[in-house]
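One structure is given below, encoded as structure tokens.
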Amino acid sequence: MPSLVTPVMSPGVLNASAQPALPIDDDLLLRPWLPPDAAAVTRAFQDRAIQRWHLRKADSEDEAQEWIKQWRRGWETETACHWAVVDADGSTLLGRVSLQSIIMAGGQAEISYWTTPEARGKGVCSRAVAQVASWALEEAGFNRLELGHSTVNVASCRIAEKTGFALEGVRRQALLHADGWHDMHLHSRVHNA
């Protein structure tokens, strides 16, 4: 069936080249995930704050290794873009930022993130989210990015506000966490807004 609209992003617009590394100032780097990152991912997912806001946990390096393989495949299949947030020399894992649930025809994705306990309160997360959002909307061709978080996750709400994601509303009982159903804030950033 023919479409009445031209896709915002054509297939191949992302995976025609390697996933970019995105430097942030002189002290941070967003880079594709590497197999040796599995140990750091496993350690990060032992943190209670990460466990509170995520739906899975990593019980072993082998499990984290499988996640990294999936994260890398996301770029190849144009279904997701995942970056490790590391220090400037790339040796210390500080967090993760990703674009998920990519809809190429509409140029849309959901942005998500976490940081290690050592990186919190230092602007690492907001700078990483801002960099990925700018890359997505200004360089890659996305039209809309959505950011969702539990209404009781105050830190995530601050990240959304700091990085220009406008609050659009509340999605009632939208996500089941380990402690029960959570209402979710929906924020967005759009191209040229």
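On a predicted model such as this, the values are computed, not experimentally measured, just so you know.
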Would a hydrophobic clustering, with Ile, Leu, Val, Met, Phe, Trp and Tyr connected at side-chain separations under 4.5 Å, put [X] with [Y]?
X: Trp135; Y: Val8; result: yes
X: Leu28; Y: Val132; result: yes
X: Tyr113; Y: Phe45; result: no
X: Val41; Y: Leu29; result: yes
X: Val85; Y: Trp114; result: no

Quick one: [atom1] on [X] to [atom2] on [Y], what's the gap to the nearest 0.5 Å?
X: Asp179; Y: Arg52; atom1: CG; atom2: CZ; answer: 6.0 Å
X: Trp83; Y: Trp75; atom1: CH2; atom2: CH2; answer: 6.0 Å
X: Ile24; Y: Gln131; atom1: CD1; atom2: CD; answer: 5.0 Å
X: Glu168; Y: Leu147; atom1: CD; atom2: CG; answer: 11.0 Å
X: His149; Y: Leu175; atom1: NE2; atom2: CG; answer: 12.5 Å
X: Ile103; Y: Asn143; atom1: CD1; atom2: CG; answer: 11.5 Å

Do [X] and [Y] touch side chain to side chain, with heavy atoms closer than 4.5 Å?
X: Ser134; Y: Arg189; value: yes
X: His177; Y: Leu55; value: yes
X: Arg43; Y: Leu93; value: no
X: Val129; Y: Phe165; value: yes
X: Met104; Y: Pro7; value: no
X: His187; Y: Leu145; value: no

Side chain of [X], backbone of [Y]: donor and acceptor closer than 3.5 Å?
X: Asp183; Y: Arg172; result: no
X: Arg72; Y: Trp33; result: yes
X: Glu146; Y: Leu186; result: no
X: Glu78; Y: Gly12; result: yes
X: Ser60; Y: Glu63; result: yes
X: Gln65; Y: Pro35; result: yes
X: Gln19; Y: His82; result: yes

Provide the closest heavy-atom pair for [X] versus [Y] in the form atom of the first, atom of the second, distance.
X: Ala44; Y: Ile50; value: O-CD1, 3.3 Å
X: Pro32; Y: Pro20; value: CD-O, 4.2 Å
X: Ala133; Y: Ile111; value: N-CD1, 4.4 Å
X: Met184; Y: Ala174; value: CG-CB, 3.7 Å
X: Thr151; Y: Val170; value: CG2-CG1, 4.1 Å
X: Ala119; Y: Leu94; value: CB-O, 3.6 Å

Salt-bridge present ([X], [Y]; N to O < 4.0 Å):
X: Glu66; Y: Lys69; result: yes
X: Asp37; Y: Arg31; result: yes
X: Arg120; Y: Asp47; result: yes

Tell me whether the count of non-hydrogen atoms from other residues, nucleotides or ligands lying under 6.0 Å of CG in Asp89 goes above 12. yes

Does any donor atom in the side chain of His182 or Ser150 lie under 3.5 Å from an acceptor atom in the other side chain? yes

Do Ser126 and Thr163 get their side chains close enough for a donor-acceptor pair, meaning under 3.5 Å? no

Does Arg96 make a cation-pi contact with Trp67, if we ask for NZ or CZ under 6.0 Å from the ring centre and within 45° of the axis? no

